[in-house]
2 protein chains.
Amino acid sequence: MDANIVKILVSSPIFHDISPSQLDIMLDCLKPKINTYNKNSYIAVQGEPYTGLGILLSGEAAIIKESASGSRVIMTVIGPGELFGEMIAFSPRKHWPASVSAQSTCAVMFLPPEKIIGECTQACGGYKQLIKNILVLLSTKALMLNQRVEYLAIKGMREKISIYLLEQYKINQKNTFVLPLKRNELADFLSVSRTALSRELGRMRDEGIIEFYRTSVKINNLALLRRGAE
Amino acid sequence: MDANIVKILVSSPIFHDISPSQLDIMLDCLKPKINTYNKNSYIAVQGEPYTGLGILLSGEAAIIKESASGSRVIMTVIGPGELFGEMIAFSPRKHWPASVSAQSTCAVMFLPPEKIIGECTQACGGYKQLIKNILVLLSTKALMLNQRVEYLAIKGMREKISIYLLEQYKINQKNTFVLPLKRNELADFLSVSRTALSRELGRMRDEGIIEFYRTSVKINNLALLRRGAE
DNA sequence: CACTTTAGGTAGCTATAGCTACCGATTTTT
DNA sequence: AAAAATCGGTAGCTATAGCTACCTAAAGTG
């Protein structure tokens, strides 16, 4: 196996804590397929049969959701070492729920999921670690999505902002802190329009609840902020 | 191990396709703790240290999210054989992200997650199946959450409804079909108010796009429905 | 079978948040 | 350092969807 590929793989979360020599043995077991794709070609097409757990070895790829009406929305962009299709790998679904498009020339390694829960239990030392890594990846993903759902389900701008700020306050343990997201990104995360977000932040400032400048925030009245979270 | 408990466990998705005899051997390995809880007592408390993957053996339990301001929202109610805390088990988090409350007298079995990815690889025959089951559970959960996020992120009642109906149409492959959700549940799933949902459905009927009675729907104008999905 | 409960449709009112537009400040690019 | 792009706040207008209230139909319940 190419030394460059090994280097990317050991840095990938799916092979975390697996040594290059173990990796080499495992790849022999897993029999992955490696394909290359030209810029703007499809690595996977939404609705078509699942081709395996993908690991991007080089290039950049976009996960794209194509709606029934034909519009395309970029969900995320991934880089070398990152995975795609990890949610489908062990689910009963057998088709890609989204398309993956090469933004530049890409090399991709596909692992057949059956092989991962397959026979080589005893032979490969890193096998247990691989399973552990996949379990960590999947549960982290599920937790992230769960948090996302919680925020999206919140009705009301004031409530969303209040809960978000309270969470940040809890993380930082200080009245003054810097938000990890810019306004645009925050609006996106909370699934509201940026302007409406800014407006409400302004109102909260006028009411003496918070002060802010760009991404830095100071909580002036914690009680009122808590009230805003209902 | 009690025969009744074994009966519940083999029907649980986490021990799917594992025979009672295999299960017996595995439980010896896994060393689960079984606790009972009185009605209205806490099985797990949000924010406190994680106590393991929970399997409800008997009774009913509610997963409750307690907000910073003290309000409590029931997320789901689970019954015998169902799991909780499966997302945290393999994630780096070490605290309960929600509380679990016994709605009636409950017996709960806790599996220590370290044991699952632990030593008894060779000894237990059902071990591989257990891992497979957990992978299926987690990825199914992630996919469900992902789908949920997609719906919640959609702006506009008409769009949400249209996309939902198109998905149902795709599943049923017929112009007339029965929705799997009642109005209330559908409103909840799409995170809109029931009245606004009914109103928009009425509008779509007036425009000749659909017909409906209760949970049965007939698509009269697929092109217009597609247009509504943008 | 009468009674209650749940499910669902409709209407009117109103608060909310989205959108457009614009402007100043900051950061990045050349 | 000038130019361009990004970031963020503000204002006004408007469409949307939430809420209350009410009513009818269906489904459970005694």
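Here is the naming used below: chain letters follow the sequence lines, and residue numbers restart at 1 for every chain. Keep in mind that this is a model prediction, so the values were computed, not measured. Values below: every heavy atom of this structure, side chains too, minus hydrogens, waters and symmetry copies.
Contact detail for B:Ser162 and B:Ala229: the closest heavy-atom pair is CB-N, 3.6 Å. When every heavy atom of A:Arg183 is checked against every heavy atom of A:Arg214, the shortest pair comes out as NH2-O, 2.8 Å.
Residue pairs meeting the side chain to side chain donor-acceptor pair (under 3.5 Å) criterion with at least one partner in residues 82-92 of chain A, sequence neighbours excluded, are A:Glu86-A:Lys141. Contacts classified as salt bridge (Lys or Arg N to Asp or Glu O under 4.0 Å) and involving residues 152-161 of chain A (residues at least two apart or in different chains) are given here: A:Arg158-A:Glu200, A:Arg158-A:Glu207.
If you check D:dG8, C:dG9, D:dG18 against the side chain of A:Arg183, the one that comes closest is D:dG8. The side chain of B:Thr195 sits closest to D:dC19 out of D:dT10, D:dA17, D:dC19. Listed nucleotides D:dG8, C:dG18, C:dG8 differ in distance to A:Ala196; the shortest reach to its side chain belongs to C:dG18.
Contacts between residues 204-225 of chain A and DNA chain C, defined by a heavy-atom separation under 4.0 Å, are made by A:Tyr213, A:Arg214.
The distance between atom CG of A:Asn184 and atom P of C:dT26, rounded to the nearest whole Å, is 18 Å. The interatomic distance linking A:Leu201 (CG) with D:dA11 (P) rounds to 15 Å, in whole Å. Protein atom CG of A:Leu181 is 14 Å distant from nucleotide atom C1' of D:dC7, rounded to whole Å. Between the CG atom of B:Leu186 and the C1' atom of C:dA7 there is a distance of 13 Å, rounded to whole Å. At whole-Å resolution of the value, CD in A:Glu200 and P in C:dG18 are 11 Å apart. Taking atom CD of B:Glu159 as the reference point, atom P of D:dA15 lies 18 Å away to the nearest angstrom. For A:Lys155 and D:dA17, the NZ to C1' distance is 9 Å, given to the nearest whole Å. Rounded to whole angstrom, the span from the CZ atom of A:Arg194 across to the P atom of C:dA21 amounts to 14 Å.
Summarising the geometry, atom OG belonging to B:Ser216 is positioned 10.0 Å from atom CZ belonging to B:Phe177; distances are rounded to the nearest 0.5 Å.
Aromatic ring orientation, A:Phe110 versus A:Tyr37: perpendicular (interplanar angle above 60°, classes split at 30° and 60°).
Other residues, nucleotides and ligands contribute at most 12 non-hydrogen atoms within 6.0 Å of the NZ atom of A:Lys170.
For A:Arg199 and C:dG18, a side-chain-to-base donor-acceptor distance below 3.5 Å is present, hydrogens and geometry of angles not being considered.
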